[in-house]
Amino acid sequence: MTELKLPGADGRLTPYRLQGTPWSAQAPACAFNRVVFSAAHVVADPFADVAPSSGGKIDWEATLQYRRYLAELGLGIAEAMDTAQRGMGLSWTDSLTLIRETQKALSGTNVPIYSGCGTDHLDPATVRTLDDVTAAYLEQVDAIQQSGGRLILMASRALARVAKTPDDYLKVYRTVLARAEHPVVLHWLGSMFDPALAGYWGTDDLTAARDIALQVIAESTSKVDGIKISLLDKQREIDMRRMLPASVKMYTGDDFNYPELIAGDEVGYSHALLGIFDAIAPAASHALAALAQGDKQRFLDILEPTVPLSRRIFGAPTQFYKTGVVFLAWLNGHQSHFVMLAGHQAMRPLPYFVDIYKMADQAGLLRDPELAASRMRQFLALYGVQA
């Protein structure tokens, strides 16, 4: 078995021998009984002579090929979301191109594709009124719908900046939802994912915020397919799930507690819209097939070993979880380099990457262990480590 000398936090090297059995990447044995989306990362063009501070350029073919891979595993695509560095390197212009290209690339598949719709082409510092925010939302709504896309209505930094009361949120969402041609997925992203979204729904009280989100849904139920909440608090998700109208789905965005939330309880369950499914796609596909076949314990047995990896990838500061997702994609040979939009490959310390390597191995998520070990050696050498 392949062995590397990996550094600890004190810099000392300790031998580590790969031990995991990789999950096969193949079409699922049956249709899933949950609606499942993987938010998908983008692959940067490492040869572009563009300053990282400007965002960078996308390698379109590698980016689309990764979406084909996810689709082959039966996972729907949540496009142009925060996993794709939306608002952290990915511009609205590139987001719209990505949305259109993904729809074309996957036109022959049956997997669902929903796309992020926000206000990120606005500079929040220049926004003055709710009308500015509403107009920005509607611009993106129209652009995505004109391309045949369906909407994930993303939380807005601009709205969080200018809204004064919960009623301001109700007013904006009421108008935007009225323009939707098909039911949308609402997106409640906690401040741990984006500090600019603190106090979303007009309050710092998460219970009061939940009630405003429920009021938005109650006023426009026919326009809402579901809501994704990413608060990393399983009980809050369960409590809200039990309060939703029967026609509205709960999509878990909890990258810490997803196995039990998707498995559900005697009252109900969550569907999934998860960034971690980008990183654990083969395991997720096998687990969801087992669940659909009535084997809940098998589902949990497959996914539970992925939870320590997910918690490390999404650990604080959580907004930089994309670095771990792309690092794992590089280790697994899905891209030829570890370069990210806006230079985000530099946003985590060495011990983080060492832990991801080991935890991914233990969860069976290094699809070619020899390749992963070779790339890990290359990576460690950049830090002066001779593994």
Side-chain angles (χ1 to χ4, degrees), residues 25 37-48 50 52-70 73 75 77-91 94-95 98 102 116 193-194 255 274-284 306 309-361 363 365-368 371-380 382-383:
F37 294 94
S38 172
H41 75 278
V42 295
V43 182
D45 178 355
F47 303 109
V50 177
S53 59
S54 71
K57 295 183 68 174
I58 294 173
D59 180 336
W60 292 105
E61 181 49 42
T63 293
L64 294 172
Q65 183 55 41
Y66 197 77
R67 281 137 181 81
R68 296 185 189 102
Y69 162 75
L70 294 173
L73 296 174
L75 304 178
I77 307 298
E79 191 53 276
M81 301 293 291
D82 49 299
T83 302
Q85 296 183 245
R86 187 77 176 266
M88 298 181 72
L90 182 70
S91 68
D94 280 345
S95 294
L98 182 60
T102 295
F193 286 90
D194 187 344
D255 301 280
L274 288 161
I276 192 57
F277 275 10
D278 180 298
I280 69 165
T306 72
L309 170 67
S310 187
R311 292 190 175 198
R312 187 61 167 127
I313 288 176
F314 284 79
T318 301
Q319 66 265 35
F320 299 123
Y321 75 86
K322 299 91 169 172
T323 301
V325 168
V326 176
F327 180 67
L328 190 51
W330 173 63
L331 288 182
N332 277 323
H334 292 295
Q335 53 196 76
S336 62
H337 60 85
F338 180 42
V339 174
M340 296 176 65
L341 297 182
H344 273 238
Q345 70 273 9
M347 299 310 291
R348 291 292 198 176
L350 179 58
Y352 174 88
F353 298 110
V354 172
D355 287 347
I356 287 176
Y357 176 76
K358 293 190 292 186
M359 291 174 175
D361 168 48
L365 291 166
L366 297 180
R367 66 173 184 166
D368 181 340
L371 174 65
S374 175
R375 292 191 167 185
M376 192 65 186
R377 285 193 186 93
Q378 295 174 37
F379 182 76
L380 291 171
L382 294 175
Y383 288 82

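Predicted model only: the values in this text are computed from it and were never measured.
- For the pairing with His41, the side chain to side chain donor-acceptor pair (under 3.5 Å) check across Gln335, Lys322, Arg67, His334 returns one residue only, Gln335.
- Pro52 and Gly343 get closest at one heavy-atom pair: CB-N, 3.9 Å.
- Counting only heavy atoms from C-beta outward, the side chains of Pro349 and Tyr383 never approach each other to under 4.5 Å.
- Taking 4.5 Å as the limit, some side-chain heavy atom of Pro351 sits within range of a side-chain heavy atom of Arg312.
- For Ile276 against Ser310, the heavy-atom pair with the smallest separation is CG1-OG, 3.2 Å.
- A donor-acceptor pair shorter than 3.5 Å can be found between the side chains of Thr83 and Tyr321.
- A distance of 13.0 Å separates CG of Leu70 from CZ of Phe37, quoted to the nearest 0.5 Å.
- Salt bridge annotation for Arg68-Glu61: present, with a cationic side-chain nitrogen under 4.0 angstrom from a carboxylate oxygen.
- Note that CZ of Phe327 is 12.0 Å distant from CD of Gln345, once rounded to the nearest 0.5 Å.
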Quiz item: Going through the distances and angles, do Leu350 and Leu380 end up as a side chain to side chain contact (heavy atoms under 4.5 Å, CB included)?
Solution: CA-CA 8 Å; Leu350 179 58; Leu380 291 171; 3.9 Å; yes
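- If you take CZ on Arg348 and CD1 on Ile313, they are separated by 9.0 Å, rounding to the nearest 0.5 Å.
- Between Thr102 and Glu79, the shortest heavy-atom distance links the atoms OG1-OE2, 2.6 Å.
- Taking both residues in full, the closest heavy atoms of Phe193 and Asp82 are given as CD2-OD2, 4.2 Å, listed atom of the first, atom of the second, then distance.
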Quiz item: So Val42 and Met340, side chain to side chain contact (heavy atoms under 4.5 Å, CB included) or not? Walk me through it.
Solution: CA-CA 8 Å; Val42 295; Met340 296 176 65; over 6 Å; no
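- Thr318 OG1 to Asp255 CG: the interatomic distance, rounded to the nearest 0.5 Å, is 9.0 Å.
- A ring-centre distance under 6.0 Å is not found for Tyr357 and Phe379.
- The shortest distance between side-chain heavy atoms of Leu341 and Asp94 does not fall below 4.5 Å.
- The CG atom of Leu365 sits 11.5 Å away from the CD1 atom of Ile356 when rounded to the nearest 0.5 Å.
- In this structure, the side chains of Leu328 and Leu366 come closer than 4.5 Å at one or more pairs of heavy atoms.
- Relative orientation of the Phe353 and Phe338 rings is perpendicular, given thresholds of 30° and 60° on the angle between their planes.
- In this structure, Arg86 and Met81 approach most closely via the heavy-atom pair CB-O, 3.1 Å.
- Here the CG-CD1 distance, from Leu90 to Ile58, works out to 5.0 Å after rounding to the nearest 0.5 Å.
- Side-chain contact, Gln378 with Arg375: no donor N or O sits under 3.5 Å from an acceptor N or O.
- The shortest distance between side-chain heavy atoms of Met359 and Thr306 does not fall below 4.5 Å.
- In terms of modelled atom types and a separation under 3.5 Å, the side chain of Asp45 and the main chain of Lys57 share no donor-acceptor contact.
- The two atoms that bring Pro46 and Val339 nearest to each other are CB-CG2, 4.2 Å, heavy atoms only.
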